[in-house]
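Remember, predicted model here, so these are calculated numbers, not experimental data. Labels below follow one simple rule: chain letters A, B, ... track the order of the sequence lines, proteins then strands, and each chain is numbered from 1.
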Amino acid sequence: MTCSCLRLAVSMHWADVIARDLISRTGSNLISTGITPSGTLHVGTLREAITAEAVRKAVVKAEGSVRMIYLVDSIDPLRKRYPFLPENFEAEVGKPLAYIPCPCGEHKNYAHHYIQPFLDSIQELGIHCDVLWTHEQYEQGRFADVIDTAIVNKERVADILKEVSGRDLPKDFFPYSPRCEECGRLSHTKVTAYEKPYVGYQCACGHSGKADIRKADGKMPWRVEWAAKWKVFGVTCEPFGKDHAAAGGSYDTGVRLAKEIFGIEPPRPVPYEFVQLKGKGQMHKSTGSSVTGVDALRITPPQVMNYIILRVNPERHIDYDSGMGILEMVDEYDRTEKMFYAGGAEERDADLLRAYELSQPEGPRSKQPLQIPYRHLVSLVQIADGFDGVMTILRRMEMLDDSVASEDVAILKQRTDCVKYWLDAFAPDQVKFEVCSSMPECQLSEQEREFLGKLYESMRGVEWEGETLHDAIYGCAKECAVGPRGGFQTLYRIFCDQKQGPRLGFFFSTLDRDFVLGRIKEASD
RNA sequence: GGGCCCGUAGCUCAGCUAGGUAGAGCAAUCGGCUCUUAACCGAUGGGCCGAGGGUUCGAAUCCCUCCGGGCCCGCCA
């Protein structure tokens, strides 16, 4: 065996490793993932979908056959009245999310309300999947056979659950919970009989009736339902959070149920670690997270979001930093992008480049996208008036011209929006500035006033353009006692009431000439 | 009680399932660009690879133990 052959096997991105494994097992793969939309979705939800999509792309690249489904667990019951829900939702507890009204009244139902932002995100992130709603699957009778199988084998199902999880089950355990046709709740019914396809029940509300397993008249408990889904859809691969991966956890019971009850091989698991939020508070269930999945996407361009997830192994936890860290991530992303298109990267960066490639919603472009330094945008957004203003300044600075590709404009727009949202909600004060509409209170020394006076005269005669303004400021400050550093600081003080700020030349060039000169004159008097 | 992940430069991490005496980015320092910085270019400094054993000619890399940190395991996806 030659060296070059060996080298091929050295480095492989985790998604490709999984893809290779999948292809070696079967000719037709189905990746499944999903969520219960009971409340606001967090960044971890994004990780699951992004992880699944990376595997899907990797299988496609390896020329395997693959499809991906996203299951919205819309038939799962509302477990309790969460703090963010109005009082009257107390009455909805126990009912399937799909049959509970929308909290804001603008969506079809509760489940839609919470999943819709995520479904929108999926588009941006380039996740290619078929979205399925579990309540619809039940309504269509797709689970009828597996429900019957579970019921017929309910003793063995119960044994497996007890054995693997080490927990006791209620004596009257039944692998199907009827939904009371009177009160709509799944949680208060007791099964009294089974005669295929009808499950007789008595509800705590007083009603007794029959549930048809071919309809959405009830559901399986989720551990059973999970394995049942594998059977019904033919799932061969599924990413899930580490909570499911714990010993005796739901994946373990799922494996046994799959093999012994449903007679199938369990899917290839892809356990992933949680995403932790750094910066503005951690992600606590009790306190609620200050950064939601939607927030994260609003401040992180989608490709970068993908990259954050894909650059590390799934089993590694990620600290999502909504503060300055986001700038560093975008910078790293841009660096990797340069490397990707420049070619000649070193072996050790192979996985990073692959992560970049997988991060592109529709695959990488043929040419390197336009790069405007992200940190620069942070300044521009605060100077310019809207996206058009940003574009205008970029043109003036010759960072882009009329030949700019529409895709690049789109990316720029997206990044500008992210920066704006970030500045509003998450950015540390250190990077923020604002033009004071009137002269801030400040004590200026004699030397500083002298500098401003000279600068006033100098700037009056100069072209109102970034570079020339900058030269005027620098030249003037250098000749004065305050020196360059002191000169710049003085200006920041009288314009922004800070001792630092954006690059002054460009900054001034975007402001009204009379306003700037007036302020300098005022301060020098 | 059970399980998983992590502990390598100030920070975020590569390297670790092919063992041969450590890498990147950011930060820092210094210098350059007539140029303040949160920008650009260049250079420099900085780590006994959590601790202790073991295997080995040789370990950040394999095995064991321990310490430290994070997180899961209540039918709740």
Side-chain angles (χ1 to χ4, degrees), chain A residues 6-7 9-11 17 34-39 44-45 48 71-73 76-77 79-80 97 134 161 165-170 173 175 177 187 220-226 240-253 271-276 278 282-283 285 308 311-319 321 324-325 327-329 331-332 335-336 339 346-352 372-379 382 397 427-428 430-433 467 470-475 477-478 482-492 498-507:
Chain A
L6 287 169
R7 199 180 301 134
V10 164
S11 180
V17 173
I35 187 73
T36 302
S38 54
T45 314
E48 178 162 311
L71 278 163
V72 180
D73 289 318
D76 287 11
R79 297 215 53 251
K80 60 178 180 186
L97 302 173
T134 52
L161 292 179
S165 69
R167 282 196 293 270
D168 280 333
L169 289 171
F173 170 81
S177 306
S187 49
M220 291 171 274
W222 81 268
R223 282 195 189 227
V224 178
E225 187 181 85
W226 198 17
F240 49 82
K242 57 101 131 293
D243 47 345
H244 297 295
S250 48
Y251 181 71
D252 283 357
T253 53
Y272 61 87
E273 259 283 353
F274 289 178
V275 178
Q276 299 182 73
K278 205 176 155 186
Q282 295 292 304
M283 191 162 49
K285 284 176 196 153
I308 289 173
R311 63 196 268 276
V312 296
N313 291 325
E315 62 269 19
R316 187 141 191 147
H317 89 256
I318 293 173
D319 287 322
D321 182 352
M324 293 299 280
L327 301 184
E328 274 153 38
M329 280 316 311
D331 283 350
E332 185 189 317
R335 261 200 311 281
T336 306
M339 244 197 289
E346 292 183 47
E347 174 66 38
R348 65 160 179 272
D349 292 319
D351 284 355
L352 231 42
I372 305 292
Y374 201 66
R375 286 164 200 272
H376 197 133
L377 275 182
V378 172
S379 290
Q382 296 181 84
M397 293 166 75
Q430 172 202 348
V431 302
K432 295 189 206 173
F433 64 86
E467 201 159 338
H470 183 89
D471 289 346
I473 297 163
Y474 184 82
K478 202 176 170 189
V482 291
R485 186 180 201 82
F488 281 103
Q489 286 187 354
T490 306
L491 290 166
Y492 288 127
Q498 292 179 179
K499 50 188 186 312
Q500 60 174 15
R503 312 191 73 168
L504 274 181
F506 300 118
F507 179 48

When rounded to the nearest Å, what value does the distance between [atom1] atoms of [N] and [M] take?
| N | M | atom1 | answer |
| --- | --- | --- | --- |
| B:rG45 | B:rG25 | P | 14 Å |
| B:rA24 | B:rG2 | C1' | 38 Å |
| B:rC6 | B:rA14 | C1' | 15 Å |
| B:rA59 | B:rG19 | P | 13 Å |
| B:rC33 | B:rC41 | P | 16 Å |
| B:rA22 | B:rC67 | P | 30 Å |
| B:rA27 | B:rG74 | C1' | 44 Å |
| B:rG58 | B:rG53 | P | 15 Å |

Handout entry: A:Lys242 with A:Glu315: basic N within carboxylate O range, under 4.0 Å
Key = no
Exercise for the section: Measure from the side chain of A:Arg311, starting at C-beta and using heavy atoms only, and say which of B:rU12, B:rG2, B:rC72 lies closest. Expected result: B:rU12
Fill in the blank from the handout: A:Ala246 has its side chain closest, among B:rG2, B:rC5, B:rC76, to B:rG2
Practice task
Answer with base, sugar-phosphate or nothing: what part of the nucleic acid does A:Asp73 contact at a heavy-atom distance below 4.0 Å?
Solution key: sugar-phosphate
Side-chain contact test, heavy atoms from C-beta onward, threshold under 4.5 Å: evaluate it for [X] versus [Y] and give yes or no.
| X | Y | value |
| --- | --- | --- |
| A:Leu491 | A:Ile473 | yes |
| A:His317 | A:Val275 | no |
| A:Phe433 | A:Gln382 | yes |

Exercise for the section: Return one dot-bracket line describing RNA chain B 5' to 3' (Watson-Crick or G-U wobble pairs, both distances under 3.5 Å; ( ) same strand, [ ] crossing, | another strand, . none). Expected result: ((((((((.[[[[.).......]]]].(((((.......))))).....(((((.......))))))))))))....
Handout entry: Distance-only donor-acceptor test, A:Lys242 side-chain atoms vs B:rC71 base atoms, 3.5 Å
Key = yes
Practice task
Indicate whether OP1 or OP2 belonging to B:rC76 is found under 4.0 Å from a side-chain N or O atom of A:Arg79.
Solution key: yes
Exercise for the section: Indicate the ring-plane relationship of A:Phe240 and A:Trp226, choosing parallel, tilted or perpendicular according to the 30° and 60° boundaries. Expected result: perpendicular
Exercise for the section: Answer yes or no: is there a donor N or O on one side and an acceptor on the other, between the side chain of A:Ser177 and the main chain of A:Met220, under 3.5 Å? Expected result: no
Problem - Heavy-atom neighbours of A:Lys432 NZ exceed 12 at 6.0 Å - result: yes
Fill in the blank from the handout: Residues at least two apart in sequence or cross-chain that pass side chain to side chain donor-acceptor pair (under 3.5 Å) with A:Glu48, listed by chain then number, are A:Thr33, A:Tyr272
Exercise for the section: Tell me yes or no: between the side chains of A:Ser250 and A:Arg223, is some donor less than 3.5 Å from an acceptor? Expected result: no
Handout entry: Base versus backbone protein contacts along nucleotides 24-40 of chain B [heavy-atom cut-off under 4.0 Å; B, S, -]
Key = -SS-------BBBBBS-
